[in-house]
**Q** 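The structure under discussion is supplied below as structure tokens; questions concerning it will follow.
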There are 2 protein chains.
Amino acid sequence: MFIEKKASFDEGPAAGGFDNDRHRSRYAGTRVRAPVDDSAWTRYRASPRARLDRHDAHSVLFREDDAASHLYEVVSGQIMLYRLLGDGRRQVVDILGDGDLCGYSLTGLYDCTAEALTPAEVRVLDRRDIDQSTELLAHVNRCLLTRIEALHSHAVLLGRKSATERVASFLMRFVPGRGVVGCIGPERHGERHSADTELVLLKMTRQEIADFLGLTIETVSRVLSDLKRRGIISIERNDRIRLVDVCRVCKMTGIH
Amino acid sequence: MFIEKKASFDEGPAAGGFDNDRHRSRYAGTRVRAPVDDSAWTRYRASPRARLDRHDAHSVLFREDDAASHLYEVVSGQIMLYRLLGDGRRQVVDILGDGDLCGYSLTGLYDCTAEALTPAEVRVLDRRDIDQSTELLAHVNRCLLTRIEALHSHAVLLGRKSATERVASFLMRFVPGRGVVGCIGPERHGERHSADTELVLLKMTRQEIADFLGLTIETVSRVLSDLKRRGIISIERNDRIRLVDVCRVCKMTGIH
DNA sequence: CGGTGTTTTGAGGGCTATCAATGGGTGTGG
DNA sequence: CCACACCCATTGATAGCCCTCAAAACACCG
């Protein structure tokens, strides 16, 4: 189910895939967020105590049960968090993008492993600095709440959705402003009733997708093939999937 | 899968079930927490702006998509958080006990429904008060981190564990200090090598357990019957389950 | 002691995992 | 430039776990 990977999987310099607007949730089942002022956070990030690290794809930031020393803020790229069971089963519990935090710990040990999905930049922060400012703490608070909402959505996906619904939900993650509660719908989206289509650039292997969705690699593959056969998506390359009709994919997520 | 419930399910006055020591995680796969000083929080709770509400079992504190007005702290009893899919499938995403917080929102809408599992007391807090104190914010942050760790564990359970492993993990929630990383083990636990047994008082119906574990009511029932047949547990009443050999249950959680 | 709601048990089927083989893309070396 | 190797993804066959539907057993209550 989980095999340690070393090979790099086609990382173009355009490491997009995720929409970077953090104030707009993209995950099917979550909500659109209100904008907030985090200027204090921006100032803190620029302070000399905050170091910037670069990671290659598949580089490990920290490992489950390592001593938790730092807090990390994703500046660019994507980071996945996962846990392992004793026999090697893996569950990707979260996927982080621009502005998200990880590495916080109550126990002194990291509760999961953090691994870069793409080349990534992370700011390494000192917890003690943050604890002295209400503005910084409030920012961290908002980040944690964002994670909690995402984890709630993910629990629904893992506990109650079929394989097709999981894959559809996963694909909808990459469509900005759609598949969320208060979805703007296909009509108002494109200019002048253009085709409701979207190109998704996956930055994950089938194995990583499967471990995120609580499925096997074969099932993910089968579902994608089935969606392709039905003309709902077209697979232009393994990591380039076109949603031919976004609304149709959205309707398959199970949230309606 | 989910039927609206009204009937009360045997709520004794001894609404225990969960261990109330928040500084010790009990959920299989999570870690033991370090104690922290939250005296500022204690003072704030006592302030006149913090109201105390009482809820009966199955009373709803707030509903998914309601306007989020307040923050809630569980004082006594247990609260479950759940989300519904359009066709009525339900997933219980979290179960809260003494000291846990819920009701925070970034979007202005609650992202899930909160319902009392037992008679419960909740303190209704004002977000604006908290946002002005580093100590209060730090306390909230710790509470949120606790939830995130629990949600990570739950994602592993929902995504990668078998029905038996899920039920075993669920039962181990109720055994203080066991089934966590750094588990004290059977030898050092009892005084003078007493039987490694534990009585679990469930405050949830089979339906609620099933919706928490991402299973059906029938599967939960079948697993429990099977464990009983094998002598691993004994069901003294529907809501009283004796773990005959805690260590054996622990080994079935899948975390080893 | 029936009535109601919950839990257990049974039979059967569907969905997803498992095991195995094939296909395809990329990089390397002759 | 092609052959080969390697890794990843796809496809196929089969098995098994858990869900669904149905009925019986049980608990609680008036």
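Numbers restart at 1 for each chain; the letters A, B, ... are given by sequence-line order, proteins then strands.
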**Q** Using the side-chain hydrogen bond (donor to acceptor under 3.5 Å, both in side chains) criterion, which residues pair with B:E73? Sequence neighbours excluded.
**A**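 B:E73 satisfies side-chain hydrogen bond (donor to acceptor under 3.5 Å, both in side chains) with B:W41, B:R45 once adjacent residues are dropped.
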
**Q** Which pairs, protein N/O on one side and nucleotides 9-11 of chain C N/O on the other, fall under 3.5 Å?
**A**
from   : atom 1 : to     : atom 2 : distance (Å)
C:dT9  : OP2    : B:S225 : OG     : 2.3
C:dG10 : N7     : B:R222 : NH1    : 2.9
C:dG10 : O6     : B:R222 : NH2    : 3.2

**Q** Distance check needed: C:dT16 P versus A:R89 CZ, whole Å only.
**A**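 Distance, rounded to whole Å: 18 Å.
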
**Q** Side chain to side chain contact (heavy atoms under 4.5 Å, CB included) with A:D245: which residues, sequence neighbours excluded?
**A**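 Scan of A:D245 (side chain to side chain contact (heavy atoms under 4.5 Å, CB included), adjacent residues dropped) gives A:D196, A:C247, A:R248.
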
**Q** Who pairs with A:R240 by side chain to side chain contact (heavy atoms under 4.5 Å, CB included), at least two apart in sequence or on another chain?
**A**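 Applying side chain to side chain contact (heavy atoms under 4.5 Å, CB included) to A:R240 gives A:L199, A:L201, A:E236, A:R237.
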
**Q** Separation of A:L224 atom CG from D:dA9 atom P, in whole Å?
**A**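 Taking atom P of D:dA9 as the reference, CG of A:L224 is at 10 Å.
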
**Q** Holding to side-chain hydrogen bond (donor to acceptor under 3.5 Å, both in side chains), I want the full list of residues that pass it with B:D56, two or more places apart in sequence or in another chain.
**A**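 If we apply the side-chain hydrogen bond (donor to acceptor under 3.5 Å, both in side chains) test to B:D56, skipping adjacent residues, there are no hits.
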
**Q** Counting heavy atoms from C-beta on, name the nucleotide in D:dC19, C:dT16, C:dT8 closest to the side chain of B:L215.
**A**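 For the B:L215 side chain, the nearest candidate turns out to be D:dC19.
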
**Q** Who are the side-chain hydrogen bond (donor to acceptor under 3.5 Å, both in side chains) partners of A:S234, not counting sequence neighbours?
**A**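 Listed in chain order: nothing, the list is empty.
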
**Q** If you compare every side-chain N and O of A:T205 against the phosphate oxygens of D:dC8 (OP1, OP2), does one of them come in below 4.0 Å?
**A**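 False: A:T205 side-chain N/O out of range (4.0 Å or more) of D:dC8 OP1/OP2.
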
**Q** Rounded to whole angstrom units, what separation is found between the CZ atom of A:R240 and the C1' atom of D:dA9?
**A**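 For the pair A:R240 CZ and D:dA9 C1', the rounded distance is 18 Å.
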
**Q** To the side chain of B:N238, which of D:dT20, C:dT7, D:dA9 is closest?
**A**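 Selected nucleotide: C:dT7.
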
**Q** Of the candidate nucleotides C:dT16, D:dT10, D:dC18, which contains the atom at the shortest distance from the side chain of B:S162?
**A**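 That would be D:dC18.
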
**Q** Walk me through it: do A:D226 and A:R222 pass the test salt bridge (charged side-chain N to carboxylate O under 4.0 Å, His left out)?
**A** CA-CA 6 Å; A:D226 184 56; A:R222 261 184 264 270; over 6 Å; no

**Q** From CZ of B:R206 over to C1' of C:dT8, roughly how many Å is that when rounded to an integer?
**A**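 So the two atoms are 9 Å apart, to the nearest Å.
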
**Q** Rounded to whole angstroms, how far apart are CG on A:L213 and P on C:dA17?
**A**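 Value for this atom pair: 10 Å.
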
**Q** I need the CE-P distance between B:M204 and C:dT6, as an integer number of Å.
**A**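 After rounding, the gap between these two atoms is 15 Å.
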
**Q** Roughly, in whole Å, what's the span from CD1 in A:I235 to C1' in D:dC8?
**A**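 Atom-to-atom, A:I235 to D:dC8, this comes out as 14 Å.
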
**Q** Would you please say whether a donor-acceptor pair under 3.5 Å links the side chains of A:S59 and A:R54?
**A**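 On atom types as modelled, these side chains do not qualify, holding no pair under 3.5 Å.
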
**Q** Figure out the CD1/C1' separation between B:I241 and C:dT7, and round it to whole Å.
**A**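 About 12 Å, once rounded to whole Å.
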
